[in-house]
Amino acid sequence: MFFYLSKLFFMLVRPSNFLVLMLLVGAFALLFSRTRRIGRGLMIAAALGLAVAGYSPLANLVLLPLENRFSQPDPLPEQVDAIIVLGGAIDTVVSGARPYPAITTAGERLTVVPELARRYPQARIVHTGGQGVLFGNTTTEAVAAGRIFDGFGLDPALVVLEDKSRNTWENAMETRALLRPKEGETYLLVTSAMHMPRAMGVFRQAGWTGLVPYPVDWRTRGDEDRWLGFDAISEGLTRLDLGVREWIGLVAYWASGRSSALFPAP
């Protein structure tokens with residue numbers, strides 16, 4: 001139930017959808033004399049909101065605290081028992097209908113794996129992810145990731161594919177059931193930088209120890225982007241949607257007892 005409610009809720013409140021919905025409601029209200037003033041107000045507010053969200057630095061201001069929260073370890077651990085790659089880098093709607101898996105803009109979660117596998121040749125490579133969208137799935141992320149890992153030339157004996165999970169909490173629980181982590185073991189956790197705070201909080205709450213965060217897929221360069229706007233409204237809205245989703249996710253997971261902290265720290 002949490003999975004379905006979270007997807008439907010964010011579908012409504014994601015900034016791009018919410019502002020367009022406000023614009024449509026305002027346009028509808030203009031059709032009636034009694035609500036014409038409200039309609040004009042909604043349309044003006046929506047237009048201003050779209051301009052601010054799409055062109056201003058707002059998206060970067062929302063993303064930067066998330067992306068700066070966890071850094072890649074320096075130095076890296078001498079040894080890790082498994083490299084855990086969280087799903088989200090594969091389009092499960094397109095992948096099963098086309099000859100080769102479709103990688104999303106979070107593709108660095110996958111492309112970093114060969115480098116890490118060379119550094120830790122004895123470590124298991126774990127990809128966790130099933131079908132993370134509500135409609136249109138034609139395959140699971142695990143099936144598609146398996147094909148990609150085969151192409152990378154990874155040792156099949158070291159690859160573990162978890163295909164049941166649909167969100168970060170299920171990633172943590174299903175992977176824990178597969179690996180049965182023990183005290184003293186070390187696990188490299190690979191996910192997008194903006195998603196790392198939520199991922200670490202969830203995995204800690206699920207009972208994991210020995211986690212080493214390995215963020216990838218940054219959308220900002222760092223503090224130099226703090227006041228940088230965008231020259232295309234679609235780019236700003238896309239980044240803002242991603243950042244707002246993570247902040248809402250942090251609150252929702254903490255409030256539901258699925259995260260160890262509201263804003264997990266290193």
Side-chain angles (χ1 to χ4, degrees), residues 2-18 20-21 54 59 63 67 83-117 125-154 156 159-172 174-175 178 189-196 198-199 214-219 230 232-246 248-249:
F2 181 86
F3 169 74
Y4 294 104
L5 289 176
S6 64
K7 295 294 182 182
L8 291 171
F9 177 74
F10 185 67
M11 191 183 299
L12 292 174
V13 302
R14 65 188 302 166
S16 56
N17 285 354
F18 183 78
V20 170
L21 181 61
L63 280 174
E67 294 199 331
I83 300 162
I84 302 172
V85 182
L86 300 194
I90 294 171
D91 186 329
T92 57
V93 176
V94 175
S95 292
R98 293 295 183 179
Y100 192 77
I103 297 176
T104 71
T105 53
E108 290 94 324
R109 300 188 193 188
L110 298 172
T111 57
V112 75
V113 171
E115 176 186 339
L116 294 174
I125 310 295
V126 185
H127 184 280
T128 170
Q131 296 179 336
V133 297
L134 287 176
F135 310 109
N137 294 290
T138 59
T139 187
T140 65
E141 288 203 66
V143 168
R147 287 197 61 195
I148 293 170
F149 289 167
D150 283 344
F152 288 160
L154 301 182
V159 173
V160 179
L161 301 173
E162 184 283 303
D163 65 355
K164 296 179 182 178
S165 59
R166 300 166 298 173
N167 56 32
T168 309
W169 174 254
E170 292 179 6
N171 289 155
E174 296 292 344
T175 306
L178 278 176
L189 186 64
V190 179
T191 190
S192 300
M194 74 182 84
H195 181 236
M196 188 60 78
R198 181 154 58 106
Y214 195 88
V216 294
D217 179 34
W218 289 270
R219 305 304 171 98
F230 303 93
I233 193 170
S234 59
E235 185 178 356
L237 284 172
T238 298
R239 285 199 193 187
L240 185 61
D241 284 349
L242 292 170
V244 169
R245 181 184 66 183
E246 283 306 319
I248 290 175

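Hydrogens, waters and symmetry mates play no part in the numbers below; they use all other heavy atoms, side chains included.
Put simply, CD on Q131 and OG1 on T138 are 8.0 Å apart, with the number rounded to the nearest 0.5 Å. The CZ atom of R109 sits 12.5 Å away from the CD1 atom of I103 when rounded to the nearest 0.5 Å. The distance from the CD1 atom of I84 to the NE2 atom of H127 is 12.0 Å, given to the nearest 0.5 Å. Residue Y214 holds its OH atom at 5.0 Å from CG of L116, rounded to the nearest 0.5 Å. Residue R198 holds its CZ atom at 8.0 Å from CG of N167, rounded to the nearest 0.5 Å. In this structure, S192 OG and D217 CG are separated by 3.5 Å, a value rounded to the nearest 0.5 Å.
Distance alone, capped at 3.5 Å, is enough to place a donor-acceptor pair between the D241 side chain and the S16 backbone. Side chain of R239 to main chain of L63: no donor-acceptor pair is present (N/O by atom type, distance under 3.5 Å, no hydrogens or angles). Side-chain atoms of T104 come within 3.5 Å of backbone N or O of G88 as a donor-acceptor pair. Panel note: side chain T191, backbone M196; no donor-acceptor pair is recorded below 3.5 Å.
V126 has its side chain within reach of T175: a pair of non-hydrogen atoms, C-beta onward, lies under 4.5 Å apart. By the 4.5 Å heavy-atom criterion applied to side chains, L110 and I90 are counted as neighbours. Side chains of T128 and L86 form a contact here, defined as non-hydrogen atoms less than 4.5 Å apart. With a 4.5 Å cut-off on side-chain heavy atoms, M11 and N17 count as touching.
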- Query: For V244 and V13, what are the C-alpha separation, side-chain angles and deciding distance, and is it a side chain to side chain contact (heavy atoms under 4.5 Å, CB included)?
  - Reply: CA-CA 9 Å; V244 169; V13 302; 5.9 Å; no

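Of all heavy-atom pairs between G96 and T139, the closest is N-CG2, 3.6 Å. Taking each heavy atom of A59 and F230 in turn, the nearest pair found is CB-CE1, 3.9 Å. The two residues F152 and T111 make their nearest non-hydrogen contact at CZ-CA, 4.3 Å. Here the closest heavy-atom approach between residue S95 and residue A102 is recorded as OG-N, 2.9 Å. The nearest pair of heavy atoms linking P101 to R147 is CD-NH1, 3.8 Å. Shown here for A199 and T168, the closest heavy-atom pair between the two residues is CA-CG2, 3.9 Å.
S165 and E170 are not linked by any side-chain donor-acceptor pair at a separation below 3.5 angstrom, with hydrogens and angles left out of the test.
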